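One structure is given below, encoded as structure tokens.
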Amino acid sequence: MAHQPKYILALDQGTSSSRAILFDHDLNIVGISQEEFKQYYPNEGWVEHDATEIWDTQLKVAKQVIKENNIQLSDIASIGITNQRETTILWNADTGEPLYRAIVWQDRRTSSFCSKLKESEFGPIIQEKTGLIVDAYFSASKVKWILDHVEGARELANEGKVKFGTVDSWLMYKLSNGKSHFTDVTNASRTMIFNIAELQWDKDILQHLDIPESILPEVKCSTDNFGFAEIDGQSISIGGVAGDQQAALFGQICREKGATKITYGTGCFMMTNTGEQIVRSSNQLLSTIGWQLKGEKPVYAMEGSVFVGGAIIQWLRDGLNLISDSSESEALAQKVEDSGGIVFVPALTGLGAPHWDQYARGLIIGLTRDTNKYHIARAALESIALQVNDLITAIEKDLGEELPYIKADGGAIKNKLLVQMQADISNKSIVLPRILESTALGAACLAGLSVNFWTDIEEISEKWQADQTIEAKNTDAYINVKKLWNKAIERSKLWADMV
Ligand code: ADP
């Protein structure tokens, strides 16, 4: 009998680390390897990564997880890639050398260019075509910046000797020894140059931004043949690719319309499946592509992000020294029954969806002589759930229906008080998965589907298991809190602008 590969290797290239995770046929994690890499902040608001270091760490952890688990390369059926989205790399097509460091999604250097673009008559056209609100987060203005500012870049591009890619494209290019120059529809949908209805690069936007078409990767479905990784003289297919939030949506098996996942990490990221339809938000959410399986129509999604989620707990630790570890926040908040009438708006870096106010700043309001540190810890946790609740309310308005449940993941869901608060504040059931690595699992599932490691999405759904479901039990306790929250949010807005 032919040798049957037993594993899928997921490469999870994140903003702070590169990880490699092996999954078996029952969706169990067999091994994880991880390595952090350096962040560069060369100027106020600038964030860069060394693209070569991204590649080196990713290859290193891939080899490490294989070695540590005594696995042969021939035991791996396929590789799935998931990655920090929007981060932009341009490289020399002849030498494979990056022209500049990777400009990270968080980088704000092109903010004023994007503000003007957004206000121009072309702003709404970009939004219509791409589903995105014009912003410096997305790749387009970063590509333009490199072409306009790096010496010789524009000339080289005009000679057809430059390749552009988001991190997935870069990794495929390196893994395949320069043979693959591809991306998938989900990553393409975050570049602000991709038409999400027509599923192709948009010629009008490219022309408007002076980005030559010759530098762009070919766009494929999320389950496709992306070429072969050549590792230690052996070839392994690259079969699945998706940006991190989309991979998590797939890894949480949010298959039906309205199915929603929320990731509670440093920030909080909500994504909702909207089926075959692009839903245009009236509440400042983004429309994007959730995934596209080979031979099928794309599944669209809506997205909303909160900038400061778990990060407010880091601030309790590092800014206030109230706790020495994030996990202590739960016990501290449990010492009081409620937040004592105070509200904490964690707008430390402005407010994301649905408020979108870059000038908002944090506040703690309603302090009295009875207020103590336990109330502050509790209000901080509530603030995470209240911000996410604003996202849920926005998406429900856009969809015109209630979300059936929420599937949660990310580091902060270890805090069971927070999960209960979310259930109560939003009056929703919160499903917690057995495998917390939803992002890597999603990439693995896509790769496995493309090589028939799993027959279809039904087979994966049957194997996927929830760990537990938290039900709402005390919704009344938050009626007043929600009223106070709405008042406090208004007071936090436009603060930095007024000084
Ligand atoms: P990221 O992928 O964004 O780096 P993680 O998913 O690893 O984030 O989650 C880390 C975040 O979760 C941190 O902001 C941390 O403060 C928060 N966090 C971790 N454990 C807890 C906890 N028990 N209670 C509240 N927040 C927590």
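Read the numbers this way: they start at 1 and go in the same order the structure lists the ligands and their atoms. Every value quoted in this text rests on a predicted model; they were computed, and no experiment measured them.
Ring geometry, Phe307 versus Trp356: the interplanar angle exceeds 60°, so the pair is classed perpendicular (tilted spans 30 to 60°). Classification of the Trp145-Tyr100 ring pair by plane angle, with boundaries at 30° and 60°, yields tilted. Using bins of under 30°, 30° to 60° and over 60° for the plane-to-plane angle, the ring pair Trp105/Tyr137 lands in the tilted bin.
With hydrogens and angles left out, the side-chain atoms of Ser222 and Gln292 include no donor and acceptor closer than 3.5 Å. Side-chain contact of Glu382 with Ser339: a donor-acceptor pair under 3.5 Å is present, judged by distance alone. Residues Ser189 and Thr288 bring a donor and an acceptor atom of their side chains to less than 3.5 Å of each other.
Ligand 1 has no N or O atom lying under 3.5 Å from any N or O atom of Gly265, backbone or side chain. For Ser326, a nitrogen or oxygen atom sits less than 3.5 Å from a nitrogen or oxygen atom of ligand 1, counting backbone and side chain alike.
Counting protein heavy atoms under 4.0 angstrom from atom 20 (N) of ligand 1 gives one or more.
Look at Ser16 and you'll find every heavy atom at least 4.0 Å from all atoms of ligand 1. Gln314 counts as a contact of ligand 1, since one of its heavy atoms falls under 4.0 Å from the ligand.
Nearest non-hydrogen protein atom to atom 9 (O) of ligand 1 is Gly411 CA, 3.4 Å. Here the heavy atom of the protein found nearest to atom 24 (N) of ligand 1 is Asn415 ND2, 3.0 Å. Nearest to atom 3 (O) of ligand 1 among the protein's heavy atoms is Thr266 OG1, 2.6 Å. From the protein, the heavy atom lying nearest to atom 12 (O) of ligand 1 is Ala412 N, 3.6 Å.
In plain terms, the two heavy atoms of Ser33 and Val61 that are nearest each other are CB-O, 3.5 Å.
Between Met271 and Phe250 the shortest side-chain heavy-atom distance does not fall below 4.5 Å. Put simply, the side chain of Thr87 does not reach to within 4.5 Å of the side chain of Ile103, judged on heavy atoms.
Using a 4.0 Å cut-off to heavy atoms of Gly410, the atoms of ligand 1 that qualify are 6 (O). Taking every non-hydrogen atom of Ser329 and a distance limit under 4.0 Å, the qualifying atoms of ligand 1 come out as 24 (N), 25 (C).
Contacts between Ala311 and ligand 1 below 4.0 angstrom, taking non-hydrogen atoms only, involve the backbone exclusively.
Of the listed residues (Ser17, Gly309, Gly267, Ser327), the one carrying the non-hydrogen atom nearest atom 23 (N) of ligand 1 is Ser327.
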